[in-house]
Protein chains: 2
Amino acid sequence: MANETTRRKELLVAAARLFSRKGYHATSMQDIADELNILRGSLYHYIESKEGLLYELMELGVRTLLEQVRPIVESDLPPDEKLTRLIRQHTVTIAQYPDFMAVFLHELKSLSPPRREQILAYRKEYENLVRRVIAEGIAWGTFRPVNERMVTFALLGMVNWVYQWYSPDGGLSAEEIGAIFGDVVLHGLLAGECAGEVRPHEPSPQ
Amino acid sequence: MANETTRRKELLVAAARLFSRKGYHATSMQDIADELNILRGSLYHYIESKEGLLYELMELGVRTLLEQVRPIVESDLPPDEKLTRLIRQHTVTIAQYPDFMAVFLHELKSLSPPRREQILAYRKEYENLVRRVIAEGIAWGTFRPVNERMVTFALLGMVNWVYQWYSPDGGLSAEEIGAIFGDVVLHGLLAGECAGEVRPHEPSPQ
DNA sequence: GTTTACCAATCAAACGGTTGTTTGGTGGAG
DNA sequence: CTCCACCAAACAACCGTTTGATTGGTAAAC
């Protein structure tokens with residue numbers, strides 16, 4: 001009973017929850033051990049070090065995000081549809097794994113430089129996915145010729161910040177939130193000059 | 001020379017820099033004292049506790065932001081112009097006091113509950129400022145009838161995230177970044193249906 | 001203009017407590 | 001009989017904070 005794999009997963013889940021709620025440095029090995037009802041020394045049967053544990057959680061977070069979003073970017077949907085789905089999926093993923101995503105998004109500076117570089121590489125990879133969609137949209141003429149880099153940051157900020165305030169009992173589902181975000185990014189806030197309303201998407205172009 | 005006030009400010013500045021770079025819990029009183037070339041016990045001549053110091057830094061951060069942005073919201077400019085200026089000013093403030101703003105935006109959970117509530121009240125106050133501009137824009141018919149609350153969060157995420165990546169030698173000034181952000185939020189990314197280009201603002205409406 | 005009193009700024013040293021980690025042992029299940 | 005999962009105990013290091021003494025300068029008293 002409680003074979004290695006499941007017990008280890010319990011450890012990761014407990015650690016993710018504690019790290020996301022109290023922060024990495026404010027969480028002691030004691031805290032984690034208490035959650036599993038074992039002594040803190042026993043944790044080292046499963047992990048190599050506290051920081052190694054943090055790294056594993058963060059890597060789990062980014063890779064999940066990458067796996068969920070990459071198919072969208074690499075599909076042959078039109079750029080505006082890609083962007084809509086990307087934003088929605090990113091939001092949904094945060095809502096789905098809030099603890100892991102919060103740790104990934106919040107604890108980068110708690111890693112020692114070598115491990116931090118690793119995670120930064122993943123993050124860069126993700127940023128490039130987003131940026132590619134923007135660039136594609138501009139090339140198609142679907143998007144206005146904006147500053148790719150800045151729009152990427154604007155977009156990432158919008159969706160990454162979700163971990164700071166999202167609650168499952170907030171009235172709106174993650175899908176709905178993502179849809180609103182996508183709508184604002186594509187159409188902007190201004191009324192009038194544009195058609196404006198949130199009319200359903202027509203899978204048209206090229 | 002080095003009267004109480006200036007020496008104390010040195011302490012606050014050093015602490016803000018360390019907290020923003022390494023994080024609150026990863027920074028020891030020793031680290032701060034080293035920066036001022038005194039012993040760590042001597043810090044308590046200026047502050048009451050480490051957490052009291054953190055609170056002071058965070059309060060400084062939010063209040064600065066509030067002071068810089070409130071005049072814009074309470075002016076009698078049209079809503080779209082208010083929003084443009086708000087976004088730009090928020091970005092500029094982060095670029096102006098990156099350490100204090102990073103501590104404010106990153107270390108909320110390092111505060112004990114009573115002090116955290118205080119800062120949350122300030123944050124709520126700021127959120128309401130932003131939300132008021134959105135609501136106003138919708139009431140004027142300047143903005144589309146979007147979900148106020150969600151758009152507020154989208155906007156805050158976009159500008160708050162700036163502390164994570166902004167660097168003064170990044171090619172663009174904070175003003176320019178803020179202007180791009182404002183443009184995207186107002187007009188959206190889509191080309192075509194709208195007039196589209198970043199034409200200068202006409203102070204028109206009602 | 002010297003003495004006296006004061007006070008801000010800092011040192012020196014200690015306090016109990018907690019930290020992450022290591023080592024060697026132990027019980028029980030397969 | 002083996003080996004996984006955990007215990008028990010210790011380790012040195014560091015933590016935030018307190019206390020009492022010690023400077024150096026400044027301002028008032030004589």
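All chains are named by letter (A, B, ...) in the order of the sequence lines, taking the proteins before the strands, and each is independently numbered beginning at 1.
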### Query
Over how many whole Å does the gap from B/Asn37 atom CG to C/dC11 atom P extend?
9 Å
#### Entry: 5'-to-3' dot-bracket of DNA chain D (Watson-Crick, G-U; under 3.5 angstrom; crossing pairs as [ ]; | other strand)
||||||||||.|||..||||||||||||||
### Query
Taking OH from A/Tyr44 and P from D/dC11, how many angstroms apart are they, rounded to a whole number?
18 Å
### Message
Can you measure B/Gln30 atom CD to D/dA13 atom P for me and round it to whole angstrom units?
### Response
15 Å
### Task
Would you check if the distance from the ring center of B/His187 to the ring center of A/His187 is below 6.0 Å?
no
### Summary
Side-chain atoms of A/His45 come closest, of C/dA8, C/dG20, D/dC4, to D/dC4
### Query
Would the A/Phe19 and A/His25 ring centres measure less than 6.0 Å apart?
no
### Summary
Nearest heavy-atom contact between B/Pro71 and B/Glu67 is CD-O, 3.0 Å
### Query
Distance check: side-chain N/O of B/Ser42 vs OP1/OP2 of C/dC11, anything under 4.0 Å?
yes
#### Entry: Cationic tip of A/Lys50 above A/Tyr24 ring, under 6.0 Å, 45° of axis
yes
### Message
Looking at D/dC7, I'd like to know if its phosphate oxygens (OP1 or OP2) sit under 4.0 Å from a side-chain N or O belonging to A/Arg40.
### Response
no
### Query
Which part of the nucleic acid does A/Ile38 contact within heavy-atom distance under 4.0 Å: base, sugar-phosphate only, or nothing?
sugar-phosphate
### Task
Can you figure out which of D/dC6, D/dC15, C/dT22 approaches the side chain of A/Tyr46 most closely?
D/dC6
### Query
Any chance NZ of A/Lys124 has more than 12 other-residue heavy atoms, nucleotides or ligands included, within less than 6.0 Å?
no
### Task
Specify the separation, in whole Å, of atom CG of B/Leu11 and atom P of C/dA9.
12 Å
### Task
Could you state the atom-to-atom distance from CG of B/Leu39 to C1' of D/dG20 in whole Å?
14 Å
### Query
Any donor-acceptor pair under 3.5 Å linking the side chain of A/Glu51 with the backbone of A/Ser112?
yes
## Note on the structure
Of A/Arg70, A/His90, A/Arg131, the one forming a side-chain hydrogen bond (donor to acceptor under 3.5 Å, both in side chains) with A/Tyr126 is A/His90
### A/Asp34 CG - C/dT18 P separation (whole Å)
12 Å
### Nearest listed nucleotide, side chain of B/Ser28, among C/dT19, C/dT21, D/dC15
D/dC15
